[in-house]
Every structure is written in structure tokens, then in C-alpha cells.
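What follows is a set of notes on a single structure, which appears directly below.
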Amino acid sequence: MRPDTPAENVDHTAEAARLERTAGLYPEDAEALLLRAAAHLELSGDRPAAAALYDRLLASDAELESPYLVRALKASNLWEYGHEAEARAIIDGIRAAAPRDPAPWVIVGESLEAHDELEQAHETFTEAVRLLLTDVPEPPAAAHPLLFGRHRVRRMLGAAHDEWDALADTVHSLPVTLDELHDPKRVWSLGSENPAELEAEISRLRAEVGAYRTALSRPFPVAVLHWPADELTELLEAYPSLAAEYASHEEHLAAIEAALRELASSGTPNLGIVPGTVPSYEAFAASEGATPDDADLLPQYATTLAARGRALPWPPQRSAPCWCGSGRAYGECHGA
């Protein structure tokens, strides 16, 4: 499925089947691919089949990158087709485990909110922001939905603003304020006979839909290939002709940052970096019926890795670790 394919034109069952086949070809990416397949099955209405995929991942011998996210998605899906008791048990287990990844907290909080468990949703979002954002100088982008979800639930509960709500306002970037987006009384304005009120509400709803699309869409990024130092050494020892592409590792890193900044300045959205490895590059070359010393394969390899969900978004936050692997903050390394 192309990233720009309208949702109504997607055959979700066929797309899920394609992703399952791809997961069989690339077992190292099975987790990301099967999660996407399960999402398509949920959208198609086949929730039992989606639950089977979540169970398949959780029962796998392979170590999962995000086991609590898989559990959270399973719980959310189960609740949607009548397995409330099992869903609640999984949610309680996730909250007790207190994962350090924002994603499962977001899924759990939104699932409770969707079923009108507002107090429990508020407790969940609050536990998460206290755990993940206390004494953090700059909230990471992945944690923004926690702040927004907590703000939204507190508006529905009629709670007064607190310091976490103020932080949510700070990281919110849409022209319509969070207070407007999360106003429980907004729905009543849709019944107004005043054209100005209706037009204002339509504007608010468009902004909210835009926010949801941004959060839910996962288009393939424009990705630049990054070779870690040991991989680049191995690559050039095995295929010396590629030395024309990479004069040194330092120049390679500088070229990545420069290329991404140029793309960003031209207005290109959704930029990313994909780390390469020699074995996977050789396997890709074989699948293309080519030899690894063909430099024209390098951008195709990067695009394929990005399509398989291997890209890291660029730029990182200034306080986050630099993408180059130096261990320093991005703002003190390539982001300086």
C-alpha cells in the first residue's frame, strides 16, 4: 500500500496478508510487520484474526522489542469485541509493570477513555507522565500523546489545569489550542444555527483530524543510509570499489547530516536514517539479482529498509542521543 492511498481504497485483508508474507521473508522485522498486519485486520473488522497475530507474537521464541506494546494492543482489540475481563487483566498487568516506553501507556489510556473509564484513564496517563517525564528537560515526541491524552481526559472530568497540562500546552503546535480541541461542550455547537459558530467548529474539527492523521499515519520516510563504523569497515574490506562512495567514516557521518539538513530546508517531510549491516545488504543484493559492489543498490537498500520500518526519525531532539551512535546528545554532536 502506498502511503498516500486513501483509506477507503485499501483492501485491509489483502494488505494484512501481504504483510504476513513479508514477515516470513524478513523474520528480523516480523514484529513491526505483524503489528501493521494486525492493525489492518482490526480495520477490516476481523478482530479475532488480529488477536491471533498478537498471540503469535507473544508466543514467539524471538525476543520482542516492545512486548508491552503488543500486550496493550491485544487488550485494546479484545475489549472492542466483548472480552472486557481479559482486556482489563492485561491492562492491570501493564500498569503494574510500569514500562519505560510511552506507546503502551498511550494505548491503555486511550482504550480506557474510549470505554468511558475516565477516572482510570486519568490515573493511567498520570502514572505514565510522572514515570517518564519527571525531571526530563524536554519531553520526547513519543511522550506527547500522554500529555495530550491526560489533558483531554481532565477536560472531560472538569479538572483544573495543573503543571502537566501547562506542559501539554507548551508542546502542542496546532493553531487551535488544546482547551478548544478538548472542550466537552464543543459537540453542542454543531447543532447551532449560527453560521459563524458552525464555521469555527469545522475549523477546530479539521485541526483535530489533522492531529489524528499525523499521529496515526506511518508513511515511509525519506531515508538516508548510515553505516556504523565497524559495518563500514567490513563493507569496504569486502567490496573495495565502494570506497568511492565513502572516503572515511567521519565524512560519511557529516554527509548524512548535511544531506538531511538540505532535504529539510527544501521542505521535504518525514526524514529518517536507516542503519545498514553488511549481511542484510548482501542478502538484499542477492534478492535483486545484483552484486553488492554496485553502488546504485545503496539508495534502493535504504528505501527497502525504511519500508520495513527500520528508519529512525530525523532530527532527534537536541537532548536525545545522537543518531551516529557516539553516545553524546544530538545537540552536542551532529546537531551542534
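Quick note: residue numbers are just sequence positions, from 1.
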Any side-chain to backbone donor/acceptor pair from [X] onto [Y]? Under 3.5 Å, distance only.
X: Glu31; Y: Pro67; answer: no
X: Thr304; Y: Gln300; answer: yes
X: Arg71; Y: Ile90; answer: no
X: Arg318; Y: Ala329; answer: no
X: Tyr281; Y: Pro292; answer: yes
X: His252; Y: Tyr246; answer: no
X: Arg310; Y: Leu305; answer: no
X: Ser111; Y: Ile107; answer: no
X: Asp165; Y: Asp162; answer: yes
X: Ser76; Y: Ala72; answer: no

For the hydrophobic clusters of this structure (ILVMFWY residues joined by side-chain heavy atoms under 4.5 Å, transitively), does one cluster hold both [X] and [Y]?
X: Leu58; Y: Leu41; result: yes
X: Val129; Y: Val108; result: no
X: Leu112; Y: Leu118; result: no
X: Val153; Y: Trp164; result: yes
X: Leu43; Y: Leu73; result: no

Specify the closest pair of heavy atoms between [X] and [Y], including all atoms of both residues, with the distance to one decimal.
X: Tyr330; Y: Gln317; answer: CB-O, 3.7 Å
X: Arg100; Y: Leu132; answer: O-CD2, 3.3 Å
X: Tyr68; Y: Ile94; answer: O-CD1, 3.9 Å
X: Leu53; Y: Ala38; answer: CD1-N, 3.6 Å
X: Ala264; Y: Trp314; answer: CB-CZ3, 3.9 Å
X: Ser66; Y: Asp101; answer: OG-OD2, 4.1 Å

Task: Proximity of His144 and His172 rings by center, below 6.0 Å - done: no
Task: Side chains of Gln120 and Arg95, donor plus acceptor under 3.5 Å - done: yes
Task: Residue pair Asp46 / Ser44, side-chain donor-acceptor N/O under 3.5 Å - done: no
Any non-hydrogen side-chain atom of [X] less than 4.5 Å from a side-chain atom of [Y]?
X: His151; Y: Asp169; answer: yes
X: Leu253; Y: His249; answer: yes
X: Leu133; Y: Leu147; answer: yes
X: Leu34; Y: Leu19; answer: no
X: Arg56; Y: Glu20; answer: yes

Open item on the list: For His226 and Val274: C-alpha separation, side-chain torsions, deciding distance, then whether side chain to side chain contact (heavy atoms under 4.5 Å, CB included) applies.
Closed with: CA-CA 6 Å; His226 165 221; Val274 283; over 6 Å; no
Task: Over 12 foreign heavy atoms within 6.0 Å of OH, Tyr239 - done: yes
Can you tell me how far [atom2] of [Y] sits from [atom1] of [X], rounded to the nearest 0.5 angstrom?
X: Leu298; Y: Leu235; atom1: CG; atom2: CG; value: 7.5 Å
X: Leu260; Y: Ser265; atom1: CG; atom2: OG; value: 10.5 Å
X: Leu271; Y: Leu312; atom1: CG; atom2: CG; value: 13.0 Å
X: Glu65; Y: Leu57; atom1: CD; atom2: CG; value: 11.0 Å
X: Glu257; Y: Ile273; atom1: CD; atom2: CD1; value: 7.0 Å
X: Glu15; Y: His40; atom1: CD; atom2: NE2; value: 4.5 Å

Open item on the list: side chain to side chain contact (heavy atoms under 4.5 Å, CB included) for Glu117 and Arg88? Distances and angles first, verdict last.
Closed with: CA-CA 11 Å; Glu117 299 283 350; Arg88 286 182 180 276; 2.4 Å; yes
Open item on the list: Walk me through whether Glu113 and Arg152 qualify under side chain to side chain contact (heavy atoms under 4.5 Å, CB included).
Closed with: CA-CA 10 Å; Glu113 178 188 352; Arg152 182 175 60 248; 2.6 Å; yes
TODO: Among residues two or more places apart or on two chains, list those pairs meeting ring pair (Phe, Tyr, Trp, His ring centres under 6.0 Å) that have a residue in residues 94-125.
DONE: Trp79-His115
Open item on the list: Between Leu242 and Leu236, does the side chain to side chain contact (heavy atoms under 4.5 Å, CB included) criterion hold? Intermediate values first, please.
Closed with: CA-CA 6 Å; Leu242 294 180; Leu236 297 182; 4.0 Å; yes
TODO: Could you label the plane-to-plane angle of the Tyr301 and Phe284 rings as parallel, tilted or perpendicular, counting under 30° as parallel and over 60° as perpendicular?
DONE: tilted
